[in-house]
Colleague: 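I'd like to ask you about the structure that follows.
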Amino acid sequence: MNIAKNAMTLEQAKLILQKEDQLHLLSEWKSLSPVEQQELLGDIASVDWGVLRKIRGQLTCANQPLAFDGVVPHQAITVDEVSRGTPLGVRAVQEGVGLLRSGCVAILTVAGGHGSRLGYAGPKGCFPITPVRNKSLFEHFAEGILANQRRYGVEFLWLVMTSPDNDEATRQFFSSHGNFGLNSSAIRFFQQGTMPALTTGGKILMADRHRLALAPDGHGGTLRALKRSGVLDELLRRRISYLSYWQVDNPLVNVLDPVLLGLVHLKQAEVGSKAVRKACDLEKGGVFVEWNGAVRVIEYSVLPETLARAKNPDGSRRFDFLNLAVHV
């Protein structure tokens, strides 16, 4: 941690922690060494207290059942509507290809996780995924990017979001593999942020007597991380208008889909997302809905079983579109 950057005095920390009801973080202050005191102050200074306040508010309501009044299914554009030869499909492809050739599209892969659930010791993107050559997920995606660069005559900027735990290993993996044939000048690594771990009562947990228990802030922190890293400013300077986004553990993704790009452009949408129909009523995936005037994803762990099993008059599943975390 850069202590100078996060410089904070004890009095400043006390004022913040008193306001946020977190004074317990200083309970061991007098027994800490000067270095430990500075590390603790640095951790406190790094917290986004506005975001944390919202999370604590959600925790307060966590044990109360959510009222899903007014929730309706989000009506997706189906594959049939944009299949080859349909008017909408033709227009979407034309618009998408035009965007890709104009150089206003960049690629964003969120890759902050480890491969522990795959039995792999290292960043998830380094996991060997192909059965013959054992190419990693990163190499697999890089080949897709290279193919698109040849197809559209454009060098695409690839943004790779890492985590504090795997950033160095990810960078070394790219370097040791010659960036898989991509120019290093077209790759940007940036780290996702962290947030303190909380008790169910909203108190910040300690990893040690002088360090907060910090955890990656997840995919929801992607936009904050882009801003904090300076990458967002670069995108604006380069007149990048669209980001093709996916998670690193999805080897089936189309890294630059002109149809999805074209549809987002035609609909003047802020976000476009891919979805698949559920395999069964209780499949474990978030579903797209419209609720309180906005399109949202309700996770399977929150969606009541009555809604998960709900049917339309024709017998089809009412809430049927699962979030793939593939976005523009």
Side-chain angles (χ1 to χ4, degrees), residues 77 79 82-86 88-111 113 115 118 123-162 170-190 222 226 231 234-235 238-266 271-276 324-328:
I77 297 173
V79 171
V82 291
S83 60
R84 188 179 301 275
T86 64
L88 181 58
V90 170
R91 288 184 64 203
V93 170
Q94 290 174 342
E95 293 290 337
V97 169
L99 292 172
L100 290 166
R101 287 179 174 160
S102 74
C104 71
V105 181
I107 298 162
L108 171 56
T109 306
V110 288
L118 300 171
K124 194 181 294 184
C126 304
F127 181 72
I129 193 67
T130 65
V132 178
R133 291 179 54 201
N134 284 323
K135 290 183 291 188
S136 66
L137 283 160
F138 283 135
E139 183 175 1
H140 173 68
F141 296 138
E143 289 183 348
I145 295 170
L146 285 166
N148 278 280
Q149 291 184 166
R150 291 190 295 269
R151 181 178 296 122
Y152 299 113
V154 173
E155 183 176 65
F156 296 102
L157 190 65
W158 189 11
L159 316 177
V160 181
M161 189 174 80
T162 64
T170 300
R171 291 171 185 262
Q172 289 179 350
F173 190 77
F174 270 70
S175 178
S176 65
H177 289 79
N179 295 312
F180 314 108
L182 297 168
N183 290 327
S184 60
S185 60
I187 302 172
R188 297 290 181 276
F189 299 100
F190 68 103
T222 302
L226 281 171
V231 173
E234 180 183 359
L235 296 177
R238 296 175 65 143
R239 299 186 179 181
I240 300 294
S241 304
Y242 295 93
L243 294 175
S244 176
Y245 170 110
W246 74 86
Q247 297 178 176
V248 75
D249 52 4
N250 184 356
L252 298 182
V253 72
N254 185 345
V255 298
L256 287 167
D257 185 351
V259 176
L260 182 58
L261 280 161
L263 286 172
V264 171
H265 187 69
L266 287 171
V271 179
S273 303
K274 287 192 175 183
V276 292
L324 290 175
V326 176
H327 312 298
V328 162

Colleague: If you measure from CG on N250 to CG on L137, what distance do you get to the nearest 0.5 Å?
Modeller: 9.0 Å
Colleague: Compute the centroid of each ring, for W158 and then for F141, and state whether the two points are separated by less than 6.0 Å.
Modeller: no
Colleague: When you measure from the side chain of N148 to the backbone N and O of G144, does any donor-acceptor pair fall under 3.5 Å?
Modeller: yes
Colleague: Does any N or O in the side chain of H140 come within less than 3.5 Å of the main-chain N or O of P251, such that one atom is a donor and the other an acceptor?
Modeller: yes
Colleague: Taking the side chain as every heavy atom from C-beta outward, state whether L261 and L100 have any atom pair closer than 4.5 Å.
Modeller: yes
Colleague: I want to check something: taking the side chain as every heavy atom from C-beta on, are V248 and F127 in contact at a cut-off of under 4.5 Å?
Modeller: no
Colleague: For E234, enumerate each residue passing the salt bridge (Lys or Arg N to Asp or Glu O under 4.0 Å) test, keeping only those at least two apart in sequence or located in another chain.
Modeller: R188, R238
Colleague: Of all the heavy-atom pairs spanning A142 and F180, show the shortest one and how long it is.
Modeller: CB-CB, 3.5 Å
Colleague: Are the side chains of V82 and V93 in contact, using a 4.5 Å heavy-atom criterion?
Modeller: no
Colleague: Return each pair, listed once, that meets side chain to side chain donor-acceptor pair (under 3.5 Å) where at least one residue sits in residues 123-133; pairs must be two or more places apart or across chains.
Modeller: K124-D249
Colleague: Would you call the rings of Y152 and F156 parallel, tilted or perpendicular, where under 30° means parallel and over 60° means perpendicular?
Modeller: perpendicular
Colleague: Is any side-chain heavy atom of N254 less than 4.5 Å from a side-chain heavy atom of W246?
Modeller: no
Colleague: Minimum heavy-atom separation for L260 and H327, please, with both atom names.
Modeller: CD2-C, 4.4 Å
Colleague: Nearest 0.5 Å, what's the CG-CD1 distance between L256 and I145?
Modeller: 7.0 Å
Colleague: Atom CG of N179 and atom CZ of R171: how far apart are they, to the nearest 0.5 Å?
Modeller: 11.5 Å
Colleague: When the ring centroid of F174 is compared with that of F189, is the distance short of 6.0 Å?
Modeller: yes
Colleague: Could you tell me if the side chain of Q149 sits less than 4.5 Å from the side chain of L182, heavy atoms only?
Modeller: yes
Colleague: Could you tell me the separation between the CD1 atom of I187 and the CG atom of L159, rounded to the nearest 0.5 Å?
Modeller: 10.5 Å
Colleague: As an exercise, state the distance from CD of E155 to CG of L157, rounded to the nearest 0.5 Å.
Modeller: 8.5 Å
Colleague: Just checking R91: does its CZ atom have more than 12 heavy atoms from other residues, nucleotides or ligands closer to it than 6.0 angstrom?
Modeller: no
Colleague: Kindly give the heavy-atom pair with the smallest separation between G103 and V154, and that separation in Å.
Modeller: CA-CG1, 4.0 Å
Colleague: Counting distance only, does the side-chain N/O of T109 pair as donor-acceptor with the main-chain N or O of V160 below 3.5 Å?
Modeller: no
Colleague: Counting only N and O atoms by type, is there a donor-acceptor contact under 3.5 Å from the side chain of S102 to the main-chain atoms of L99?
Modeller: yes
Colleague: Should the pair Y242 and H265 be assigned to parallel (<30°), tilted (30 to 60°) or perpendicular (>60°) ring geometry?
Modeller: perpendicular
Colleague: With no hydrogens and no angle check, is any side-chain donor or acceptor of N183 less than 3.5 Å from a backbone partner on S185?
Modeller: no
Colleague: Find out whether P123 and F173 are in side-chain contact, i.e. whether some heavy atom of one side chain is under 4.5 Å from a heavy atom of the other.
Modeller: no
Colleague: Taking the side chain as every heavy atom from C-beta outward, state whether D257 and K274 have any atom pair closer than 4.5 Å.
Modeller: yes
